[in-house]
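Below is one structure; the comments refer to it alone.
Just follow the structure's listing: the first ligand is 1, and inside any ligand the first atom is 1.
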Amino acid sequence: MKKIAAIYLMTLFLMSGAIYAQHSIIPVPRSYELTEGELVIDNGLEIILMTENESLKEQVTLFASQMKNSGIEFSVGQSEAGKTLKIGLNDTVLDTLGTEGYQLVVEDTGMLLTANTVAGTFNGLQTIKQLLPVKRETSKEGDLLPITIKTCVIEDAPRFGWRGLMLDVSRHFFTVDEVKAYLDQMAEFKFNVFHWHLTDDQGWRIEIKTFPKLTEVGAWRVERHGRFGSERAAPKKSEKTTYGGFYTQEEVKDIIAYAAARNITIVPEIDVPGHSMALLAAYPQYSTRKEFKHVNPGSKFVDWYGNGKFKMLVENTLNPADPAVYAFLDMIFEEIANLFPGEYIHMGGDECYHGFWEEDAKVKDFMAKNNINNGDELQSYFVKRVEKIISSKGKKMIGWDEILEGGLAEGAAVMSWRGMKGGIEAAGMGHEVVMTPTTFAYLDYTQGDYSVENKIYADLSLEKSYSFDPVPELVLDPDLILGGQGNLWTEDIPSLSFAFYMTYPRALALSESLWSNKSNKDWDNFLERTSAHLDRFDAKNISAARTLYEPEVHVYKEGSKLMCELKNYFSDIDMYYTIDNTYPVSFGQKYEGPFQIPAGNLKLRVQSFRNGEPIERLLIINRKDLESRVK
Ligand code: ACM
C-alpha cells in the first residue's frame with residue numbers, strides 16, 4: 001500500500017513537475033507539456049499572420065520592435081522558407097481560452113500561436129518572449145549563437161480578469177516615458193490594469209481644461225528631500241514651487257494608447273473627498289474653511305494615532321455640504337470620462353478626515369436638514385453623489401473600502417485595501433470587488449532587512465505576496481471578485497529605478513496569484529523561475545530587488561543570552577557571518593544554526609554566498625538594532 005502511494009506521489013510529482021520543467025514562465029501557464037524535440041533558432045523567426053486583423057498587425061510590429069535588441073530577428077512575411085512564428089485568431093471560439101487565453105505550440109519547425117482574441121495573442125507573445133533570451137549569446141569570436149528551445153504545447157488563460165498594478169504619481173511625479181517604462185514591464189507579466197493614482201495631497205497630475213489652476217497651482221510644490229511625513233520642513237509662505245509636473249490631455253491620450261497596445265486598461269483615480277490638498281491649494285473655496293494652503297511637499301500634516309486613526313492638521317477634504325463642489329466634480333469627471341475609454345473610474349474615498357466637517361456650522365446645518373447623523377453618513381452621502389456623477393458619464397465607480405462606511409453607493413465597486421474584510425462585506429452585498437490588501441499587495445512596504453532598506457509603515461516579503469489569494473473562503477460568490485492588484489505608493493520612492501526595485505520581484509508573485517490556477521502555484525519552483533527573471537531584469541537593465549537571496553535575521557532571547565537565527569529561501573545558499581567586528585565575512589563563520597551574540601559593542605555582519613560568490617549585499621547590523629528586534 002505504501003509502495004503504491006509512493007508511486008502515485010511520484011507520478012503526481014512528475015506530472016506537476018512537467019508544468020514547470022524547462023521553463024521560467026511567470027505567471028506559470030495553466031498547462032505546459034514538453035514534447036519530443038527541439039526548436040533551433042539560428043537567426044530568428046518569420047512571423048506569418050494567418051488572420052487579417054489590423055490590431056494583430058500592430059501587435060506583431062510592436063513585438064518585432066521589442067525583440068530588436070535581442071539579436072533574434074522577427075520579420076513579418078509570407079515566404080515560410082525558414083522557421084516561422086505563425087499567429088492566428090480562432091474561427092471558432094475555444095471556450096477554455098476565454099478572452100485572454102492562448103495556445104502555443106512549439107515544434108522543431110517553428111511556433112504556432114492561436115487565441116480567440118488579440119488580447120490572447122498578446123499574452124501568448126509575452127510567453128514567447130520568456131521562452132527566448134533577453135539577448136542572444138555570442139561565441140568567443142563574437143558570432144551570435146543559435147537558440148535551442150525544448151518543444152512544447154502550452155494552453156493558458158487567466159484566473160482573474162483584473163490583474164492590476166497601481167502607481168502613485170502624486171507623491172512623486174513620473175514622466176510620460178517613465179510611466180511607459182512601467183507599463184512595459186507590467187505587460188511582460190500579463191498585468192492588464194494600470195490604476196493611475198493621479199491626485200493626492202502632494203500634487204494634482206492631470207490637465208483639466210475647465211480648471212487650469214488644478215495643474216498651474218496643484219501640480220507644483222516646494223522641493224523637499226528626506227523621509228516623507230517626518231523629516232521634510234513645511235513650505236515657507238512665499239517659497240517658489242519648483243517640484244512637480246502633470247500630464248497634458250494629449251499626453252494622457254498617448255499613454256492610454258500605449259497601454260492599450262499592451263493589453264492594459266487604465267483606471268484613473270481622482271482621490272476625493274480626502275487627500276485633496278493639491279486641489280484645495282488651487283481652489284480653496286471647495287473646503288469648509290476656504291483657507292489658503294500649500295500643496296504638501298511631504299511635510300507632516302497628520303497626527304497618526306495607530307489602528308488607522310488619525311487627525312488632519314490641515315484641511316484636505318472637500319466640503320460635502322456645498323452644491324458647488326458637486327458641480328465642480330461633475331465637470332472634472334466629465335473630462336476624465338471623455339479621456340479614458342475604460343469601464344471604471346476610481347474616486348478614492350480613503351482616509352477622509354471628518355473633523356473639519358464636524359466643526360463647521362453650515363455643514364452641521366446641512367446634516368440636520370438631511371437627516372445625516374455622523375461623519376460616516378456624511379461621507380457616504382458624498383460618495384453616493386459622486387457615484388451618480390460617474391455613472392451619469394457611462395462609467396462604473398470604484399473606490400477604496402472606506403466607501404462602505406455609512407452605507408455603500410448602489411453600483412459601486414470596492415477596492416479592499418485594509419485587509420480583505422471590506423471586500424468580503426461588499427461582495428456579500430452583491431458588489432464587485434478588487435482585492436489589494438496591505439498584507440499581501442502593498443509594494444511600498446519594506447522587503448529586505450531594515451538595516452539597509454527604508455522602514456516604511458510595515459514589511460511585506462516575497463513569500464507573503466506569493467501566498468495572496470484574492471478569494472477568501474468567506475466570499476460566497478467568487479465571481480464578484482474581479483481580481484486584485486499591487487499598489488505602489490511613492491511617498492519615499494523618488495525615482496523610476498527605485499519604483500522598479502520595490503515592484504519587482506514582488507509583482508511577479510502577485511502576477512502568478514492573479515493569473516495562474518491555484519493548483520499550479522508552487523513556491524519553490526516560483527523561486528527558481530524568479531531567479532531566472534532576476535537575471536533577465538539585469539539583462540534589461542532594470543533594477544529589480546535581489547532581497548530574496550538575503551539572510552533573514554531573527555533575534556531572540558534565550559534566558560539572558562541574545563541569540564540570532566538566520567534564514568534564507570535557498571538550500572544552495574550559504575550564509576557567512578562575523579560578530580567580532582571583522583572583515584571579510586567570507587572568512588568568518590558559516591551559518592550552521594542559531595548562535596549567541598556576545599556582550600559588547602559588536603556588529604553582526606552577514607552575507608549570502610552561492611558557489612563561493614557573494615549573491616547579495618552585506619548586511620551590517622549594530623547591537624542596538626539587534627536588541628530592538630527581540631519580540
Ligand atoms: C490607501 O492606502 N490609503 C488606499
Side-chain angles (χ1 to χ4, degrees), residues 162 164-172 193-205 228-229 267-279 296 298 300-312 314 316-318 344-354 376 379 382-383 386 397-405 408 412-426 433-446 454 456-460 464-465 468 470 482-493 499 502-503 506-507 510:
W162 185 305
L165 286 182
M166 187 213 79
L167 181 66
D168 166 8
V169 296
S170 174
R171 274 58 176 272
H172 173 69
V193 175
F194 177 60
H195 171 172
W196 206 0
H197 185 75
L198 285 161
T199 73
D200 214 303
D201 300 309
Q202 288 74 29
W204 181 283
R205 302 284 177 227
F228 184 96
V267 175
E269 180 182 350
I270 303 296
D271 198 351
V272 287
H275 286 272
S276 292
M277 209 184 302
L279 179 161
N296 178 268
K300 179 179 155 90
F301 70 95
V302 192
D303 273 337
W304 293 100
Y305 303 131
N307 239 349
K309 301 253 182 305
F310 54 86
K311 176 182 176 176
M312 293 293 167
V314 178
N316 70 341
T317 36
L318 304 185
Y344 295 88
I345 291 178
H346 202 302
M347 56 67 66
D350 58 321
E351 296 174 321
C352 176
Y353 180 62
H354 302 156
D376 280 354
Q379 180 175 311
F382 175 92
V383 172
V386 170
M397 187 190 88
I398 184 164
W400 300 109
D401 59 52
E402 285 92 333
I403 66 171
L404 279 153
E405 291 162 4
L408 185 55
V414 170
M415 192 167 264
S416 191
W417 71 281
R418 297 175 299 176
M420 297 210 240
K421 204 170 113 282
I424 294 167
E425 190 184 332
V433 168
V434 177
M435 291 290 192
T436 73
T438 55
T439 38
F440 297 94
Y442 265 41
L443 300 171
D444 56 326
Y445 284 9
T446 311
N454 292 334
I456 301 172
Y457 308 128
D459 46 37
L460 173 62
K464 184 81 181 179
S465 284
F468 179 39
L482 305 177
Q485 81 184 21
N487 295 336
L488 189 70
W489 300 101
T490 58
E491 287 98 319
D492 284 298
I493 300 185
M502 295 302 283
T503 304
R506 286 181 296 189
L510 297 177

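With ring centers used as reference points, H346 lies 6.0 Å or more from W196. Aromatic pair H197/W417: centroids not less than 6.0 angstrom apart.
Ion pair R418/D401 flagged as a salt bridge, since at least one NZ, NE, NH1 or NH2 atom sits closer than 4.0 Å to an Asp/Glu carboxylate oxygen.
Side-chain contact between D376 and E402: absent, with no pair of heavy atoms (C-beta onward) separated by less than 4.5 Å. Side-chain contact check for H172 versus F228: every heavy-atom pair is 4.5 Å or farther apart.
Short contacts between ligand 1 and Y442, defined as distances under 4.0 Å to a heavy atom of the residue, involve ligand atoms 1 (C), 2 (O), 4 (C). Residue W489 approaches ligand 1 through these ligand atoms, each under 4.0 Å from one of its heavy atoms: 1 (C), 2 (O), 4 (C).
Between W400 and ligand 1, not a single N/O pair is under 3.5 Å apart. At a 3.5 angstrom cut-off on N or O pairs, E351 counts as close to ligand 1. Taking only nitrogen or oxygen atoms, main chain and side chain alike, W417 does not reach within less than 3.5 Å of ligand 1.
In terms of protein heavy-atom proximity, atom 3 (N) of ligand 1 is closest to D350 OD2, 2.7 Å.
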